[in-house]
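See below for the structure under consideration.
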Amino acid sequence: MQKDLVTLDNEQKEEFDKEFDELLQEFIEKEFDSDEDLDETSASDDDDLEDDADTDDEDHDQYDLLKMRKRTEERPQATYSLSVCVLKDCDKSCLCSGPVTVHFTTEGEMLPDTGRFKCYVYTDDFYLMCSTSDQCQVHRNGLELTYEIPCSCIWLPGNYILLVRDQDGEVVRLDFQLDEFLETHYSDALFTRNCGLEDVLSGTLQNDDDWQFMSVVPGASQMRRMMLERKQLALYNNLQERLGGSFLDSNKNLLICTRNRDLTHRVLSHFRIDFCHMHSVEYVDCATLYDPSCVNPYEHLYELSIGDRTTVLTNLGALFSTGGKVIMRHIMRKVADYANPLWLCGTRQEIEALIDQFPSLKAFYTAESWVEQEPYSAFELV
């Protein structure tokens, strides 16, 4: 039985969040049952190692140590501490680009693999600054690893997010700030939950071409957050499908408010909110759908290919002139027949006026359908 996510009230959302966490925990426990059985049978052989690890844990501040799972049964449990510094040993007298230094101090009997960690640095609105995939240099000194991550973006005072993904799948988030002198201040590192925003950002979306494009589009912070939330929803539905449960459906019709009129066909074709199906966009300039110079003024309208794709209507002002009613009735009927998404892209005034003129449009949208292009930030202008 489908449930519409956008119509859930706050209490229902909390209930589904709780249900999701319980199902996810149950799924994880089943996945690791076999490993736990093996651990129990070999417990007597590992008593000495466990005693050493317990003694070692008591000598350290728990805020600085992040426990990790065993990657093999032979390895003892290990921990690591984490720090970050931007523009280390660089001239900070002016705004500039420069590297991020991430330092790890690991503990255990095994030397750390230089490829063990993957790091991603985002602004607080999920604009990708840099990552370890950008020709990162790694230096190892005993149990210490230092990652020098190059960054071509200009660093400005503000809030940033460092995500660290370990080889065993654990994801750690460290929030840090740059003050007016570009000095780095960071808080305690925290483990994140499976299928959380951090897990999605550092995991499945890293192989998604649409996200890689949208992660650096200026003024698109709301669009990026919607993509993250819809990806989480897709993961939840995949888990529900495995467990034979019901899934949540979301409204795929959007009202996209533009500010700078630079949301091009290319940008919208990468704005993917449905991760269960192929994303294809029919980008329509409404001014081209009525041409009085043709024998049939609606010739281009009837040639419009809606089919199995998202229909994006732009230049909405043309729908208030001659032929607008015919155009809207035809498009709404076609969209309903194919059950395809309909996106209205224009200023907020244009969208609200269009809905007032065609009240039947209200059936397509909810309060959650609005997404707005935001003004360019100082960071994006630089």
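Computed from heavy atoms alone, side chains included, the values below leave out hydrogens, waters and symmetry copies.
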Pairing residues for [X] by the salt bridge (charged side-chain N to carboxylate O under 4.0 Å, His left out) criterion, not counting sequence neighbours:
X    : result
E148 : none
D175 : R173
R309 : E282
K325 : none

Inset, instruction - Could you label the plane-to-plane angle of the F213 and H270 rings as parallel, tilted or perpendicular, counting under 30° as parallel and over 60° as perpendicular? - result: parallel
Inset, instruction - Mind telling me whether W343 and F271 have parallel, tilted or perpendicular rings, with 30° and 60° as the class edges? - result: tilted
Please name the pair of heavy atoms, one in [X] and one in [Y], separated by the smallest distance, quoted to 0.1 Å.
X    : Y    : result
Y298 : G323 : OH-CA, 3.3 Å
I331 : L342 : CG2-CD1, 4.2 Å
L156 : L182 : C-CD2, 4.2 Å
C119 : V102 : SG-CG1, 4.4 Å
L268 : C345 : CD1-SG, 4.2 Å
Q167 : D113 : NE2-OD2, 3.2 Å

Inter-residue atom distance [X].[atom1] - [Y].[atom2], 0.5 Å rounding:
X    : Y    : atom1 : atom2 : value
T146 : Q137 : OG1   : CD    : 11.5 Å
H300 : C294 : NE2   : SG    : 4.0 Å
D179 : K92  : CG    : NZ    : 8.5 Å
D124 : I161 : CG    : CD1   : 6.5 Å
I327 : R329 : CD1   : CZ    : 12.0 Å

Give a yes or no answer on whether the side chain of [X] reaches the backbone of [Y] with a donor-acceptor pair at less than 3.5 Å.
X    : Y    : result
Q240 : S246 : yes
N237 : L248 : yes
R116 : D168 : no
N253 : Y365 : no
T123 : Y127 : yes
D166 : G169 : no

Legend entry - Verdict with reasoning, L233 to F247, per side-chain contact (heavy atoms from CB on, under 4.5 Å): CA-CA 9 Å; L233 180 61; F247 64 94; over 6 Å; no
Could you check whether atom [atom1] of [X] has more than 12 heavy atoms from other residues, nucleotides or ligands sitting under 6.0 Å from it?
X    : atom1 : value
Y376 : OH    : yes
Q135 : CD    : no
K334 : NZ    : no

Inset, instruction - Dump the intermediate steps for side-chain contact (heavy atoms from CB on, under 4.5 Å) on V100 and C130, then the final yes or no. - result: CA-CA 8 Å; V100 180; C130 57; 3.9 Å; yes
Tell me every residue that passes side chain to side chain contact (heavy atoms under 4.5 Å, CB included) with [X], counting only those two or more places apart in sequence or in another chain.
X    : result
T204 : V200, K231
E241 : N238
T114 : V138, R140, L145
C94  : none

Which atom pairs, one a donor and one an acceptor, fall under 3.5 Å between side chains of residues 347-364 and the rest of the protein, sequence neighbours left out?
from, atom 1, to, atom 2, distance (Å)
T347, OG1, E350, N, 3.2
E350, OE1, T347, N, 3.1

Legend entry - Polar contact flag, side-chain donor to acceptor under 3.5 angstrom, Y236-Q232: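 Their side chains do not contain a donor-acceptor pair, so the 3.5 Å distance test is not met.
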Cluster link [X] to [Y], ILVMFWY, side chain under 4.5 Å:
X    : Y    : result
L82  : M129 : yes
F117 : L111 : no
F176 : F181 : no
L162 : Y80  : yes
L319 : L255 : yes

Legend entry - Derivation and outcome, side-chain contact (heavy atoms from CB on, under 4.5 Å), residues E299 and D291: CA-CA 8 Å; E299 179 179 349; D291 187 356; over 6 Å; no
Check: residues 217-224 side-chain donor-acceptor pairs under 3.5 Å, at least two apart:
from, atom 1, to, atom 2, distance (Å)
S221, OG, E374, OE1, 2.7
Q222, OE1, E372, N, 3.0
Q222, NE2, E374, OE2, 3.1
R224, NE, D125, O, 3.3
R224, NE, F126, O, 3.1
R224, NH1, M214, O, 3.1
R224, NH1, V217, O, 2.9
R224, NH2, D125, O, 3.3

N/O donor-acceptor pairs under 3.5 Å from side chains in residues 83-91, not counting sequence neighbours:
from, atom 1, to, atom 2, distance (Å)
D91, OD1, S93, N, 3.0
D91, OD1, S93, OG, 2.9
D91, OD2, S93, OG, 3.0

Inset, instruction - Give the intermediate values and the outcome of side-chain contact (heavy atoms from CB on, under 4.5 Å) for residues L174 and V164. - result: CA-CA 8 Å; L174 190 150; V164 177; over 6 Å; no
Inset, instruction - Could you pull out all residues at least two apart from T192 that satisfy side-chain hydrogen bond (donor to acceptor under 3.5 Å, both in side chains)? - result: none
Legend entry - Side-chain heavy-atom pair M328, L313 within 4.5 angstrom cut-off: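 Touching, per the 4.5 Å side-chain cut-off.
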Inset, instruction - Examine Y160 together with Y122 and report whether their ring centres are nearer than 6.0 Å. - result: no
Inset, instruction - Would you mind checking if D274 and R230 are paired as a salt bridge, meaning a charged N to carboxylate O distance below 4.0 Å? - result: no
